[in-house]
Amino acid sequence: MMKRGSWRTRFGFYLLAVGSACGLGNLWRFPYVVGENGGGAFILLYVFMALAIGAPMLIAELMLGKNTRRSVMVATKMMGQHSHPAFKWVGRLAVIMSLVVLSYYAVISGWVLHFMTQFFVALFVDGEGAASKTNLAALMSNGWLQLMLASAHILITVVVVVKGVQEGLEKWISYMMPLFATLVVLLLVKSFSLPSTPEVLRFLFYPDFSKLTLSSLNHALGHVFFTLSVGFGTMVTFGSYMREEDHVPTAGFRVALVDTLISLLAVVMIFPVAFQASNVPLTDPALMFEVLPRYLLGIPGGALFGLAFFVCLYMAALNASIGLLEVVVSNLVDRNKEMVRGPATWWSGGVALILTILPALSSSILKGVRIAGKSLIESLDSLLINWLLPLVALGILWAFYKGISEKEKETSFVDRDKFVSYSMYSHWIFVLKWAAPGVIILGFVLQIIALLK
Ligand code: PFF
């Protein structure tokens with residue numbers, strides 16, 4: 001077996017896995033998806049799906065990587081040798097999807113970069129007036145600026161990934177996470193002091209099931225996979241770097257739990273501000289960018305808070321982008337023996353750069369291009385996350401389930417020294433075999449009915 005790098009410490013794995021899971025999905029995407037789907041009942045559905053379906057699938061992906069010591073493309077192909085040749089398409093699709101998601105993730109990361117620099121200028125150069133002149137509408141209408149920012153983000157990501165798992169990623173992320181946690185808590189305390197908080201808590205945590213629609217299950221599942229980085233092959237890659245003694249179910253469950261908590265913190269942090277600014281629809285994908293900068297500039301010390309928030313958000317976006325690019329690179333290197341990590345990273349970054357052109361221009365030059373009433377970037381998001389992602393996640397699950405023997409699954413899952421018992425193992429198998437495929441297919445069926453109506 002090829003010699004493979006692994007994390008020096010267990011902490012290294014957690015940093016990268018949690019870093020990949022917690023990103024714009026939690027802070028930017030989750031709030032407006034909650035807004036679109038009516039609040040409390042959707043949150044309940046989402047949390048249930050994340051822990052009951054997402055976490056077991058995350059564990060399966062990590063185990064697939066750890067047991068094969070390969071990235072998703074080679075791992076699923078190896079599984080296919082035992083049963084079906086279609087498995088190799090699962091891995092290919094996962095990698096292609098990671099690259100396409102990176103290309104539009106870079107556009108949103110570019111927005112973050114923009115606000116971050118604006119707050120920096122407001123604070124240290126021009127006084128607060130400069131940032132108040134910049135709003136999202138001005139940025140949205142400037143396609144070239146968005147393209148430039150997205151390209152800068154891709155370049156930064158490439159430079160970090162080129163350094164490799166051990167020297168580059170582990171060290172880099174270990175500096176960023178504690179700062180990230182501190183900033184989120186500070187911002188949460190600040191926004192909790194707003195008068196709209198009781199109303200927000202009612203909206204977020206009092207479930208009104210009549211607000212759920214036929215599309216809600218599909219939206220909840222798509223977002224669960226996106227936010228847990230399941231279905232991209234990322235967790236297979238991270239699993240392949242795990243150390244022999246690491247216990248996969250414990251690690252997977254912890255990652256899922258932390259990610260879910262961060263999403264809940266994000267909505268509690270953003271919604272009081274969004275309710276205060278009553279003119280912005282809660283369903284707007286730009287919700288966070290619409291409401292937060294303006295609010296922060298209106299309060300004393302807001303420029304400093306704004307800077308802190310956007311630095312924190314940019315760190316999260318960068319962590320997640322590193323994960324996306326790492327999937328592509330590790331797959332290229334695993335598949336081609338002659339491929340060296342450095343050039344593979346630059347090549348992948350180059351392709352992401354070309355792909356980012358369309359989403360970057362979607363709100364300006366390509367504004368007129370609308371698919372079923374949605375902009376290019378929104379259509380891409382919905383096609384990838386609500387349709388393709390659950391399908392690929394199901395494919396990886398199928399490869400794992402069929403390709404790894406009962407015995408191997410059981411020995412990897414059951415840890416005799418810990419609380420994880422045989423009964424948990426049988427629950428896990430039940431979810432992988434019946435519950436997860438069942439709800440994914442049900443989500444698709446309900447979504448199709450909603451579209452036909
Ligand atoms: N989980 C990330 C988020 O919530 O923003 C998105 C993501 C990052 C998906 C990395 C996949 C991945 F490999």
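All ligand and atom numbering here is 1-based and tracks the order in the structure. Nothing here was measured: the structure is a model prediction, and the numbers come from that model.
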Would you say the side-chain atoms of T356 pair up with the backbone N or O of S103, donor to acceptor, closer than 3.5 Å? yes
Between E326 and R341, is there a side-chain N and carboxylate O pair less than 4.0 Å apart? yes
Sidechain-backbone polar pair: N331 side chain, M73 backbone, donor-acceptor under 3.5 Å: yes
Ring centres under 6.0 Å, that's the criterion: do Y314 and H153 meet it? yes
Tell me yes or no: between the side chains of T234 and S229, is some donor less than 3.5 Å from an acceptor? no
Derivation of the side-chain contact (heavy atoms from CB on, under 4.5 Å) call for W428 and L432: CA-CA 6 Å; W428 180 62; L432 299 189; 3.6 Å; yes
Determine, for E244 against R69, whether the closest basic-nitrogen to carboxylate-oxygen distance falls under 4.0 angstrom. yes
Distance only, no hydrogens: is a donor on one side chain within 3.5 Å (strictly under) of an acceptor on the other, for N67 and E408? yes
Short list, please: which atoms of ligand 1 are under 4.0 Å from a heavy atom of T227? 1 (N), 4 (O)
Got the closest protein heavy atom to atom 2 (C) of ligand 1, with its distance? S20 O, 3.2 Å
Could you identify the single nearest non-hydrogen protein atom to atom 12 (C) of ligand 1 and state the distance to 0.1 Å? L324 CD2, 3.3 Å
Quick check: does L24 get an N/O under 3.5 Å from an N/O on ligand 1? yes
Note the single closest protein heavy atom to atom 5 (O) of ligand 1, along with its residue, its atom name and the distance in Å. Y105 OH, 2.4 Å
among protein heavy atoms, the one nearest atom 10 (C) of ligand 1 is A320 O, 3.3 Å
Would A21 count as being in polar contact with ligand 1, using the rule that some N or O on each side must be under 3.5 angstrom apart? yes
Kindly confirm or rule out an N or O of F232 lying under 3.5 angstrom from an N or O of ligand 1. no
I want to confirm something. Looking only at heavy atoms, which of I108, T234, N319 is nearest to atom 13 (F) of ligand 1? T234
Could you check whether K66 pairs with D246 (Lys NZ or Arg NE/NH1/NH2 to Asp/Glu carboxylate O, under 4.0 Å)? no
Contact check: F226 vs ligand 1, nitrogen or oxygen atoms, below 3.5 angstrom: yes
Does S98 reach ligand 1, in the sense of a heavy atom lying below 4.0 Å from it? no
Atoms of ligand 1 less than 4.0 Å from N26 heavy atoms? 4 (O)
Identity and separation of the nearest protein heavy atom to atom 7 (C) of ligand 1: S229 OG, 3.7 Å
